[in-house]
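Working notes, structure below.
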Amino acid sequence: MQLTGRNIIGFETFSEGTVAIQAINPANGETLAPLFYKATIEELDLAAEKAEKAFQIYRKQSGKQKAEFLEKIAEEIENLGDALIERYIAESGLPQGRAMGERGRTTGQLRLFAQLLKDGSWVNARIDTALPDRQPLPRPDIRSVERPLGVVGVFGASNFPLAFSVAGGDTASALAAGCPVIFKAHPAHLGTSELVGKAIQKAAEATNMPDGVFSLLFDDGHEIGLALVKHPSIKAVGFTGSYKGGKALYDAAAARPEPIPVYAEMGSVNPVFVLPRILESNGATLAQNFVGSVTLGVGQFCTNPGMLLLQKNEAFIAALEQHANTSTGGVMLTTGIRDAYVKGIENTKNYTKIIGVGKAPEGFTAVEPIIFHTSIEDFTQNPHLSEEIFGPTSLVVEANTKDELLAAAQSLTGHLTATVHGTPEDLAEYADLIEILEQKVGRILINGFPTGVEVSHAMVHGGPFPATTDSRSTSVGTMAITRFTRPVCYQNFPDSLLVDELKADNPLNIWRLVDGELKK
Ligand code: NAP
């Protein structure tokens, strides 16, 4: 498929803007054709107008119809073949294996939501049947179900050009919920965005979805993104990226005459606690696996373990030094991300010691991994050391006692994940650590590493602020769908006016809570 650089607005494409931008290959610094036309405010208005009209049709589509649409999107993404993989690699500097894996994750995610829609029980249908003879007052018939919110604005992250981008988790969950999507493309992967945007457009046409159910707008500044969040047609926002970006959009949404929810998944340091007995029995392997997790994908994961906390152990620090010194970095996604990494590293050097430094390979935005060390006292006195540095680095904090380790855990802000490594005896002795961590993060892991997030029904990829702007939700897995719905209650409705999910004879055969009992 030939790239055009034109904005996708429903079933049409436009390039009314006069300013054009280009993607850059981070491996060699070369610009990549074609020119992409920055969307104009008029184009945003058109996308919003079409999306609002589309919502009146799309919100009434059955689970089966929406599932067909999502499955067709997955198929059209696969039909893009090598062109998508080649463009992904050129724009991100990420290797082929990662590109293929991420494509599989993206199509798998779409198909998982399709399965959820076909099953249908996700809508949380509740029925309290009428009690006409109840004294002193009769109870009316009360029924409720999750209904779609409206048009959703979505922003993708640079570090997942497929799985957290145009057809990623936010788009998939919004479309599954019954909400049209207007997507602001990330300037770091413009071509990948257009290819996937075209696949969605084709799938929408092929499955008879309404014109405007999906639009894709290009921009490399904040004008279109901010206007999207402020647009009266938009009823919710999904975002993955930096704290700065997520918080700015959250504030803009809160300041609207009609405030709307912003589900922003932002930075996280993902602390890893290694307990004393496992350090003794398995320290060398843990050190190796830890450095592997820190350097995976050049550390460009929101689940990258940016901090390790332990009680003093010299052998473990020596093993870390050895593995850090033999590690290799890689090409970062953009010059901006590389510059932020280098700045963060230089600043951290002023407050810490270096345990080990790896090598940087050839490449325009290539960087080296680095592992830092600090004492619990210095860590406590320099709270900025617990801020995220996006890239292949981590800070090891050595405490003297269990109480100091617990105090460090207590001082943590919100994160996406926390990990505890321990023997069964360690875990029993440090049960109070788990109690603290449960109040700090969205996912706690035992004896694993946080990088690698399963897309499944029980997954939670979220956490208290500042990891996200709404800790009650997840941006990965099928639970993400309810971010874009709201419960609506129908009182004393005749059966003919009810949606199928609530009708008396349960035509969709879904699980429903009837008078407090879960039934089909
Ligand atoms: P980003 O800079 O926050 O950008 C994400 C998207 O939001 C882009 O489309 C960006 O548009 C837009 N945006 C950012 N600030 C905005 C604002 N004030 N107003 C309107 N739109 C705005 O994230 P990124 O480029 O993916 O990565 C940069 C940093 O984010 C990294 O260094 C890292 O710290 C963090 N990060 C976190 C995660 C995570 O999963 N939590 C993932 C990736 C990155 P423009 O680019 O056009 O400005």
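Just so we're clear, the structure is a prediction, and the values are computed from it rather than from any experiment. For ligands, and for the atoms within them, numbers begin at 1 and follow the listed sequence.
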Between Ser193 and Ser165, which heavy-atom pair has the shortest distance, and what is it?
OG-OG, 4.3 Å

Side chains of Pro305 and Phe290: does their closest heavy-atom pair fall under 4.5 Å?
yes

Any chance [atom1] of [X] has more than 12 other-residue heavy atoms, nucleotides or ligands included, within less than 6.0 Å?
X	atom1	result
Arg256	CZ	yes
Gln96	CD	no
Met1	CE	yes

Does NZ or CZ of Arg6 fall inside the cone over Phe218's six-membered ring, less than 6.0 Å from its centre and within 45° of the axis?
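That pair does not qualify as a cation-pi contact.
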
Protein residues near ligand 1, heavy-atom distance below 4.0 Å?
Phe155, Gly156, Ala157, Ser158, Asn159, Lys184, His186, Pro187, Asp219, Asp220, Gly221, His222, Leu226, Phe239, Thr240, Gly241, Ser242, Gly245, Ala248, Leu249, Glu265, Met266, Gly267, Cys302, Ile337, Glu388, Phe390

